[in-house]
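To start, the structure under review is shown below, and the notes come after it.
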Amino acid sequence: MTNQTSDNVLIEKIIAGDKSLFSVLIERHKDYAFTLALRVLNNREDAEEVAHDAFLKALRSLSSFKMESKFTTWFYKIVVNLAISRRRKRSIQTQEIEVQNTQHYSTFEDLGGMPKEDRKFFLNKAIDLLKDEEKILITLFYFQEMDMEEVSEITGIDKNNLKVKMFRARKRLAGALSEMLRDEIHTLL
């Protein structure tokens with residue numbers, strides 16, 4: 001199978017009996033499944049287990065996939081739900097960041113003068129400070145480049161409410177970046 005073969009064609013062949021093709025789906029989607037789980041869980045081992053469990057659940061449930069939406073939309077919903085369930089079981093509370101002065105918060109473009117690795121480091125660190133739901137929204141929309149409709153379908157959040165939540169998530173992320181970069185500048189001086 002080539003990389004050009006669509007997920008739906010692969011799924012049809014898997015359902016028809018060629019279970020070995022599921023490894024192609026795994027290879028295509030394992031990185032994002034892991035990244036999404038990691039954003040929720042903040043623990044590599046748990047994220048690996050959730051990604052693995054999500055693939056197993058997807059394989060067992062593949063015949064129920066109706067192909068009305070993209071496979072990734074259906075699959076990432078499984079990943080998100082499993083990650084949230086795992087997080088609840090661990091019952092670890094995340095710390096909320098307090099954005100005190102939102103009038104001069106930084107935007108992502110403010111990171112433009114930084115080397116790429118530093119931008120990535122600070123962005124990931126700031127995302128870790130967000131609420132679970134905000135991490136998922138930012139990851140799906142910006143890193144997975146899904147449109148609002150797909151994000152809405154995965155998260156179960158109505159599109160109008162999703163726009164508000166995305167705005168708030170971006171604002172909190174920008175505030176977190178602003179605080180971190182301000183602290184970083186003070187340590188350098």
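Along the sequence shown, residues carry numbers from 1.
Remark: the backbone N or O of Ile136 is not paired with any side-chain donor or acceptor of Thr139 at under 3.5 angstrom. For Ser152 (side chain) and Met148 (main-chain N/O), no donor-acceptor pair under 3.5 Å exists by modelled atom type.
Comment: Lys13 does not engage Asp18 in a salt bridge, judged by the lack of any side-chain N to carboxylate O separation of less than 4.0 angstrom. Ion pairing of Arg39 with Asp132 is absent here, as no side-chain N (NZ or NE/NH1/NH2) approaches a carboxylate O to less than 4.0 Å. At a threshold of 4.0 Å, the pair Asp7-Lys70 does not count as salt-bridged, since none of the basic side-chain nitrogens sits closer than that to a carboxylate oxygen. Contact check on Lys159 versus Glu149 returns a salt bridge, with a Lys/Arg side-chain nitrogen under 4.0 Å from an Asp/Glu carboxylate oxygen. Under the 4.0 Å criterion applied to side-chain N and carboxylate O atoms, Lys165 and Glu134 are not assigned as salt-bridge partners.
The shortest side-chain heavy-atom distance between Glu150 and Gln144 does not fall under the 4.5 Å cut-off.
The salt bridge (charged side-chain N to carboxylate O under 4.0 Å, His left out) test applied to Glu27 returns Lys30, not counting sequence neighbours. Considering only residues two or more places apart in sequence or on other chains, Glu153 meets the salt bridge (charged side-chain N to carboxylate O under 4.0 Å, His left out) condition with none of them.
Aromatic ring pairs are classed by plane angle as parallel below 30°, tilted from 30° to 60° and perpendicular above 60°; the pair Phe71 and His29 is tilted.
Phe55 has its ring centre less than 6.0 Å from the ring centre of Phe75.
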